[in-house]
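Some notes on the structure that comes next.
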Amino acid sequence: MSAILAAEPATLNQVAAKVGRGAPAVSRSVDALVRAGLVERTQDAGNRRRLALRLTDQGRAHLDSNAGTDGHLFARLERLAHSELRAVERALEILERGI
């Protein structure tokens, strides 16, 4: 979410580059954030084929309330191997289905 905030209105490719992940993985994460009401997708005013990502008010509040923990989590995730990160992503996908 902080990668979206840093580039608002962010594109999927900008977010993917910022977090160092592929667009398909980031797209799945963004889908979950949209379903949770934390991120909104709108058409980019300059390019109708591209979507612009923005945090919702709820997303901003969530990011603010977790400001101290995001850096710690990011640092720990950054040390994981690609296969381990994929396992975390898969676990999140499974959990999202139950939401």
Side-chain angles (χ1 to χ4, degrees):
M1 287 180 20
S2 59
I4 293 171
L5 180 63
E8 276 187 330
T11 65
L12 186 65
N13 288 333
Q14 287 172 323
V15 175
K18 177 85 173 165
V19 300
R21 305 290 297 151
V26 172
S27 180
R28 288 189 299 271
S29 296
V30 168
D31 288 345
L33 293 170
V34 169
R35 285 191 305 273
L38 302 173
V39 171
E40 65 180 2
R41 275 187 235 145
T42 57
Q43 273 192 332
D44 187 315
N47 183 344
R48 293 185 321 176
R49 292 178 293 163
R50 185 170 48 195
L51 295 174
L53 304 172
R54 290 181 178 82
L55 295 184
T56 63
D57 290 339
Q58 182 182 353
R60 289 177 196 284
H62 180 76
L63 196 58
D64 288 343
S65 69
N66 293 301
T69 59
D70 282 351
H72 178 69
L73 178 59
F74 181 75
R76 294 188 71 177
L77 289 172
E78 204 171 35
R79 293 191 301 255
L80 295 178
H82 179 72
S83 60
E84 292 171 319
L85 283 172
R86 182 60 193 128
V88 170
E89 288 173 352
R90 182 69 182 126
L92 289 172
E93 291 168 4
I94 291 167
L95 290 172
E96 288 167 1
R97 279 188 267 154
I99 294 176

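Note that the structure is predicted; figures quoted are calculated from it, not measured.
- For Ala16 against Val26, the heavy-atom pair with the smallest separation is CA-CG2, 3.7 Å.
- Residues satisfying the side-chain hydrogen bond (donor to acceptor under 3.5 Å, both in side chains) criterion with Glu40, sequence neighbours excluded, are absent altogether.
- Residues Leu12 and Leu51 are not in side-chain contact: their nearest non-hydrogen atoms beyond the backbone lie 4.5 Å or more apart.
- Summarising the geometry of Pro9 relative to Gln14, their closest heavy-atom pair is O-OE1, 3.8 Å, with the distance given to 0.1 Å.
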Acceptor/donor pairs from residues 27-36 side chains to any protein atom, 3.5 angstrom cut, sequence neighbours excluded:
residue: Arg28; atom: NE; partner: Glu93; partner atom: OE2; Å: 2.7
residue: Ser29; atom: OG; partner: Ala25; partner atom: O; Å: 3.3
residue: Asp31; atom: OD1; partner: Arg41; partner atom: NH2; Å: 2.4
residue: Arg35; atom: NH2; partner: Glu96; partner atom: OE1; Å: 3.2

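- The salt bridge (charged side-chain N to carboxylate O under 4.0 Å, His left out) contacts involving residues 2-14 comprise Glu8-Arg60, where partners must be two or more places apart or lie in separate chains.
- Here the closest non-hydrogen pair linking Met1 and Gly59 is CE-O, 3.2 Å.
- The heavy-atom pair separating Gly37 from Thr56 by the smallest distance is O-OG1, 2.6 Å.
- The distance from the CG atom of Asp57 to the CG atom of Leu38 is 11.5 Å, given to the nearest 0.5 Å.
- The two residues Leu5 and Leu55 make their nearest non-hydrogen contact at CB-CD1, 3.8 Å.
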